[in-house]
Amino acid sequence: MLANAPASDLPVEAPQGASLLRRLWDRLIPFTATLGILVSIEVFLRLADVPSYVLPRPTLILQTLWSNAGLLLRHTGITVLEASLGFFVGNAVGVLLAIVFLYSRSLERSLFPVAQTIRSIPVVALAPLFLLWFGNGLSPKVITAALICFFPTLVNTFRGLASVDRLNLELMHTLAASPSQVFWKVRWPAALPHIFTALKIASASAIIGALIAEWVGSDKGLGYLVVTSTYEYRVELLWATICVTSIIAVISFELIAWAERRLVPWHDETAATD
Amino acid sequence: MTVSLAKSVEAGTRALPAAVEVGGVHMTYRTGGKVLEALSDVSLTVAPGEFVALIGPSGCGKSTILRLVADILKPSRGVIKVGGLDPQAARLDRRYSFVFQEPVLLPWRNLRDNIGLPLELAGVAPQARAPKVQALLEMVQLSGFDDRMPNELSGGMRMRASLARALTQNPPLLLMDEPFGALDEITRAQMNRELLRVWDETSAAVLFVTHSIEEAVFLADRVAVMSARPGRISHIVPVDLPRPRSYDDLVESSAFEQCCRIVRRALHAR
């Protein structure tokens with residue numbers, strides 16, 4: 001990468017002058033596509049006269065979202081709390097274990113297969129077990145969400161911490177840096193892009209984990225709402241719940257992407273020039 | 001302990017120990033049952049403030065010598081002293097700076113924080129670092145670029161930043177491992193000029209690895225010529241060209257060409 005750098009002595013300038021209209025259009029394009037698809041579905045369902053228990057029209061779902069806003073919001077709050085706690089716990093354990101593995105190869109060799117085994121058991125199979133152990137409350141949801149986040153974060157963080165440029169380490173060696181300086185000033189920032197990749201995966205999977213645990217046994221949360229609205233044949237409410245889960249998944253992904261741009265600004269730019 | 005002992009010995013017996021002293025160093029690698037002799041009986045001394053270039057065919061172990069002096073590698077046999085100290089003690093006491101073939105700037109730090117890194121690691125407060133970093137940026141003609149990230153700079157600018165970083169602690173020794181090897185001919189000549197200008201302002205000794213005869217002769221007081229398999233120093237060519245050296249005048253002079261010829265013959269002698 002460095003060897004291919006421009007050899008002239010002028011600083012590299014970012015291209016400028018994309019017009020305002022053009023940038024606005026670039027922003028709007030994903031929305032126009034979504035809107036277009038929704039409109040075509042609406043038109044098709046009306047023309048084909050599809051009954052709403054098979055597939056409700058988008059406008060009907062929108063109406064349901066509006067009229068059940070209070071109910072949906074209450075259950076959304078619960079699922080978001082479970083998923084966030086699980087996200088936090090699972091990623092914290094994943095990152096800490098990756099650091100432990102980095103400094104203790106023997107622990108890595110003995111514990112990594114254990115982590116891999118736990119990971120290979122489908123969460124759907126484990127969730128009932130957690131229900132038996134921890135009851136009907138918050139903890140089995142948090143544990144399920146944490147478990148589903150944990151493994152990709154462990155693997156990505158470990159890879160990031162270990163794949164540091166050898167020359168960077170040699171530089172720190174010649175500068176008589178202490179092990180903690182090497183970690184915080186080289187390994188950690190080098191691992192951050194990898195960690196954020198993992199966090200983006202985890203943002204969606206934490207919600208899935210919480211939903212699965214709610215399916216298995218719960219009296220509140222979006223997963224519970226999915227189950228009851230199915231049994232009660234309230235197809236519009238089922239679709240509205242599905243919409244809400246996908247909206248919170250998108251929002252949490254975007255939040256992490258935003259944090260990544262703030263905290264790892266150098267990575268975006270290197271990716272662009274590679 | 002060893003550091004203080006070495007210091008007292010140094011103060012007691014001789015006023016100025018050699019910047020680098022390599023004595024009878026052997027380096028062997030074992031790879032899959034085979035024993036590879038990388039260096040064979042290498043001896044070399046660099047006086048304080050002296051500029052020595054190390055030249056040789058690729059694979060002759062010139063970088064290995066530099067890495068041994070820098071305590072990145074340990075010799076199989078022989079003695080190495082840096083300013084009278086063992087390489088490890090010299091490294092921990094920050095007696096040398098190493099300039100790599102690549103700039104090795106940390107991509108998440110702007111230029112100011114990259115150049116200030118050695119001071120930061122030594123525990124110097126940010127306020128105390130700032131004026132030193134500013135002066136260095138000026139010295140390598142990068143003032144005004146302190147907020148730039150490494151990927152916003154050209155290859156030549158990055159290398160100048162790398163040089164500035166090596167000078168932050170005024171080390172008595174610079175170890176340079178083909179620092180301009182990846183640059184184009186024009187930028188390289190410019191970097192050579194700047195290196196000599198900067199070097200004139202410091203009193204550092206330099207051990208400079210290169211594979212360019214012209215670069216070695218232009219920069220150095222002495223050129224150590226190596227041969228390969230096993231790597232050893234075959235000739236030492238003194239460069240009696242007056243200083244300060246001006247690139248444009250010097251490279252076309254017959255004295256310069258004469259010197260290059262001697263190094264070239266030494267390089268190809270078997």
Note to self: Counting neighbours of CG on A:L263 that are heavy atoms of other residues, nucleotides or ligands and sit closer than 6.0 Å, is the number greater than 12?
What the structure shows: yes
Next item on the list: Determine, step by step, whether B:L121 and A:M172 satisfy the side-chain contact (heavy atoms from CB on, under 4.5 Å) criterion, reporting the C-alpha distance in whole Å, the side-chain angles of both residues, the deciding distance to 0.1 Å, and the verdict.
Entry: CA-CA 9 Å; B:L121 296 176; A:M172 294 300 271; 3.8 Å; yes
Next item on the list: Give, for atom CG of A:L175 and atom CG of B:L119, the distance between the pair rounded to the nearest 0.5 Å.
Entry: 10.0 Å
Notebook entry, point to check: Where does B:R91 contact chain A at under 4.5 Å (heavy atoms): side chain, backbone, both or neither?
Noted result: both
Check: Donor-acceptor pair, B:W108 side chain versus A:K185 backbone, under 3.5 Å?
Finding: yes
Check: Has A:L21 got more than 12 heavy atoms of other residues, nucleotides or ligands less than 6.0 Å from its CG?
Finding: no
Notebook entry, point to check: Which atoms of B:Q88 come close to chain A, meaning under 4.5 Å heavy atom to heavy atom: side chain ones, backbone ones, both, or neither?
Noted result: neither
Checklist line | Best-contacting candidate, B:R165, B:R109, B:Q101, against chain A by heavy atom pairs under 4.5 angstrom | finding: B:R165
Item checked: Proximity breakdown for B:L92 and chain A, heavy-atom pairs closer than 4.5 Å -> both
Next item on the list: Search all heavy atoms of A:Q181 against all heavy atoms of B:E120 and return the closest pair with its distance.
Entry: NE2-O, 4.2 Å
Item checked: Residue pair B:N151 / A:W266: nearest heavy atoms and the distance that separates them -> ND2-O, 4.2 Å
Next item on the list: Hey, could you give me the CD/CG distance between B:E102 and A:L171, rounded to the nearest 0.5 Å?
Entry: 12.0 Å
Next item on the list: Provide the closest heavy-atom pair for A:H173 versus B:D71 in the form atom of the first, atom of the second, distance.
Entry: NE2-O, 2.8 Å
